[in-house]
Visitor: 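One structure, as structure tokens, below. Some questions next.
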Amino acid sequence: MKQFLKPSTQLSPLPAVIITACDKEGNSNLMTAAWTGIVNSTPPLCYVSIRPERFTYHMVKETMQFAINLTTTAIARATDLVGVIGGLKEDKWAKSGLTPTKASIVSCPLVEESPISLECVVREIMPLGSHDMFLAEIVAVAVNEEIINKETGRWELDSTSLLSYSHGEYFSQGDYLGHFGFSVKKKKD
Ligand SMILES: Cc1cc2nc3c(=O)[nH]c(=O)nc-3n(C[C@H](O)[C@H](O)[C@H](O)COP(=O)(O)O)c2cc1C
């Protein structure tokens with residue numbers, strides 16, 4: 001039996017990422033975001049929805065650039081922290097202990113402790129109501145060398161448990177269940 005509730009944003013799990021951004025003077029900030037995702041493969045397009053009252057919002061609007069930094073259990077506390085305090089009053093880099101590192105194309109920094117960062121250039125801003133959606137092109141991907149297997153070149157993301165966010169709670173990555181297409185793969189005799 002199902003209970004039918006009023007409409008709300010009950011999609012889950014979502015990633016809990018850290019958005020990094022900077023202004024034209026080079027001052028940078030970081031904030032947590034769960035309203036983010038991929039919307040197209042070629043060209044690689046993504047979005048992040050940010051409330052206009054966030055300090056980060058004005059930086060993204062000013063430079064039309066940002067980065068999406070994936071998060072792990074190792075930085076779970078810092079991920080939550082940069083999502084509950086405001087960069088207008090606090091130096092969130094110092095407070096969180098996260099380290100800014102240079103990106104390859106965008107001017108804002110990436111989070112050194114993040115295993116994968118997506119450098120993004122905004123293509124369109126869509127005011128939707130509570131949030132503005134920044135539709136952006138992923139112009140570069142930065143991967144921490146520690147997660148790349150030197151022999152196979154494979155990204156070993158299982159070595160760095162990625163965070164997800166479900167109904168207000170954070171979770172680490174669960175058990176490995178199979179790879180893309182495993183449901184139709186024929187078993188070898
Ligand atoms: C798990 C989590 C997810 C969040 N997702 C979003 C989001 O998608 N969009 C948004 O505008 N704020 C989101 N927030 C809130 C901002 O991260 C928070 O208001 C932050 O303090 C803004 O920082 P700033 O004012 O320095 O930009 C989220 C917070 C948390 C903890």
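Keep in mind it's a predicted model, so treat the numbers as computed, not measured. FYI, side chains are in, hydrogens and waters are out, and symmetry mates aren't considered; it's all heavy atoms of this structure. Ligands are counted one by one from 1 in listed order, and the atoms in each one are counted from 1 as well.
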Visitor: Is there a heavy atom of Lys92 sitting under 4.0 angstrom from any atom of ligand 1?
Guide: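 It does, in that a heavy atom of Lys92 comes within the 4.0 Å cut-off of ligand 1.
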Visitor: Which atoms of ligand 1 have any heavy atom of Gly86 under 4.0 Å away?
Guide: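 Result: 25 (O), 26 (O).
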Visitor: I'd like to know whether CD of Glu53 has more than 12 heavy-atom contacts from other residues, nucleotides or ligands below 6.0 angstrom.
Guide: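 More than 12 heavy atoms, drawn from other residues, nucleotides or ligands, come within 6.0 Å of this atom.
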Visitor: What do we get for Ala33 next to ligand 1 when only non-hydrogen atoms under 4.0 Å count, side chain, backbone, both or neither?
Guide: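 Within the 4.0 Å criterion, Ala33 contacts ligand 1 through backbone and side-chain atoms alike.
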Visitor: What about Ala16: any of its N or O atoms under 3.5 Å from an N or O on ligand 1?
Guide: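 Such a contact does not occur with ligand 1.
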Visitor: Show me which atoms of ligand 1 lie under 4.0 Å from any heavy atom of Ile50.
Guide: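 Those of ligand 1 that fall under 4.0 Å from Ile50 are 11 (O).
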Visitor: Quick one: which ligand 1 atoms are inside 4.0 Å of a heavy atom on Tyr165?
Guide: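 Atoms satisfying the 4.0 Å criterion: 1 (C).
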Visitor: For Thr63 and Gln65, does a side-chain donor sit closer than 3.5 Å to a side-chain acceptor?
Guide: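 Result is no, nothing qualifies.
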Visitor: Do Glu137 and Arg123 sit within salt-bridge range, that is, some charged N less than 4.0 Å from a carboxylate O?
Guide: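 Salt bridge flag = yes for Arg123 with Glu137.
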Visitor: Atom 26 (O) of ligand 1: which protein heavy atom is closest, and how many Å away?
Guide: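 For atom 26 (O) of ligand 1, the nearest protein heavy atom is Gly87 N, 2.6 Å.
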Visitor: Checking Glu119 side chain against Val106 main chain: does a donor-acceptor pair fall under 3.5 Å?
Guide: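 Present.
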Visitor: Among all protein heavy atoms, pick out the one at the shortest distance from atom 5 (N) of ligand 1; state its residue, atom name and that distance to 0.1 Å.
Guide: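 Here the closest protein heavy atom is Ala34 N, 3.0 Å.
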Visitor: For Tyr170, state whether at least one heavy atom is located under 4.0 Å from any atom of ligand 1.
Guide: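 For ligand 1, residue contact (heavy atoms, under 4.0 Å) with Tyr170 is present.
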Visitor: Judged on heavy-atom distance to atom 12 (N) of ligand 1, which of Arg54, Arg51, Lys89 sits nearest?
Guide: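 Closest candidate by heavy-atom distance is Arg54.
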Visitor: Would you kindly specify which portion of Thr79 sits under 4.0 Å from ligand 1, judged on non-hydrogen atoms: side chain, backbone, both or neither?
Guide: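 None of Thr79 does.
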Visitor: If you group Ile, Leu, Val, Met, Phe, Trp and Tyr by side-chain heavy-atom gaps below 4.5 Å, do Ile85 and Tyr165 land in one group?
Guide: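 Different hydrophobic clusters.
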Visitor: Would Ile19 count as a contact residue for ligand 1, given that I'm defining contact as a non-hydrogen atom of the residue lying under 4.0 Å from a ligand atom?
Guide: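 It does not; every heavy atom stays at 4.0 Å or beyond.
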Visitor: Check each atom of ligand 1 against the heavy atoms of Val82 and keep those under 4.0 Å away; list them by number with element.
Guide: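 Contacts of ligand 1 toward Val82, numbered from 1: 20 (C), 21 (O).
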Visitor: Any idea which protein heavy atom is nearest atom 9 (N) of ligand 1, and the distance to it?
Guide: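 Going by distance alone, atom 9 (N) of ligand 1 is nearest to Ser49 O, 2.9 Å.
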Visitor: Does an N or O anywhere in Asn29 fall below 3.5 Å from an N or O of ligand 1?
Guide: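 It does: an N or O of Asn29 is found under 3.5 Å from an N or O of ligand 1.
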Visitor: Please list the nearest protein heavy atom to atom 27 (O) of ligand 1 with its residue and the distance rounded to 0.1 Å.
Guide: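 Looking at atom 27 (O) of ligand 1, the protein heavy atom closest to it is Thr56 OG1, 2.5 Å.
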Visitor: What do we get for Ile85 next to ligand 1 when only non-hydrogen atoms under 4.0 Å count, side chain, backbone, both or neither?
Guide: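 Within the 4.0 Å criterion, Ile85 contacts ligand 1 through backbone atoms alone.
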Visitor: Starting from atom 29 (C) of ligand 1, what is the nearest protein heavy atom, named by residue and atom, and what distance separates them?
Guide: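 Here the nearest protein heavy atom works out to Gly83 O, 3.5 Å.
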Visitor: Is Asp23 reaching over with its side chain to a backbone N or O of Glu25, donor-acceptor style, under 3.5 angstrom?
Guide: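 It does hold such a pair.
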Visitor: Answer yes or no: does atom CZ of Arg77 have more than 12 heavy-atom neighbours from other residues, nucleotides or ligands under 6.0 Å?
Guide: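 Counting neighbours around CZ of Arg77, 12 or fewer heavy atoms of other residues, nucleotides or ligands fall under 6.0 Å, so no.
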Visitor: Just need the protein heavy atom nearest to atom 28 (C) of ligand 1, so name the residue and atom and give the distance.
Guide: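 Atom 28 (C) of ligand 1 sits closest to the protein heavy atom Thr32 O, 3.4 Å.
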Visitor: Taking 4.0 Å as the limit for heavy-atom contacts, which would you say applies to Phe55 with ligand 1: side chain only, backbone only, both, or neither?
Guide: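 Near ligand 1, Phe55 shows its backbone as well as its side chain.
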Visitor: I'd like to check Glu156 versus Arg154 (side-chain heavy atoms, cut-off strictly below 4.5 Å). Are they in contact?
Guide: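 Yes - at least one pair of side-chain heavy atoms lies under 4.5 Å apart.
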Visitor: Transitively linked via ILVMFWY side-chain contacts under 4.5 Å: Val111 with Val82?
Guide: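 Same hydrophobic cluster.
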Visitor: If Ile, Leu, Val, Met, Phe, Trp and Tyr residues are connected whenever their side-chain heavy atoms lie under 4.5 Å apart, and connections chain through other members, are Trp35 and Ile50 in the same group?
Guide: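 Different clusters: Trp35 never reaches Ile50 through Ile, Leu, Val, Met, Phe, Trp or Tyr contacts under 4.5 Å.
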Visitor: Between Tyr57 and Asp132, is there a side-chain donor-acceptor contact under 3.5 Å, judged purely by atom types and distance?
Guide: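 Present: a donor and an acceptor within the cut-off.
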Visitor: Sequence neighbours excluded, which residues qualify as side chain to side chain contact (heavy atoms under 4.5 Å, CB included) partners of Lys102?
Guide: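 Partners of Lys102 by the side chain to side chain contact (heavy atoms under 4.5 Å, CB included) criterion come out as none, since no residue qualifies.
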Visitor: Consider side chain to side chain contact (heavy atoms under 4.5 Å, CB included). Of Thr56, Ile18, Val48, which one does Met31 pass it with?
Guide: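 Result for side chain to side chain contact (heavy atoms under 4.5 Å, CB included) with Met31: Thr56.
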Visitor: Mark up the atoms of ligand 1 that fall under 4.0 Å of a heavy atom belonging to Trp35, in ascending order.
Guide: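 Checking each atom against Trp35, I get 8 (O).
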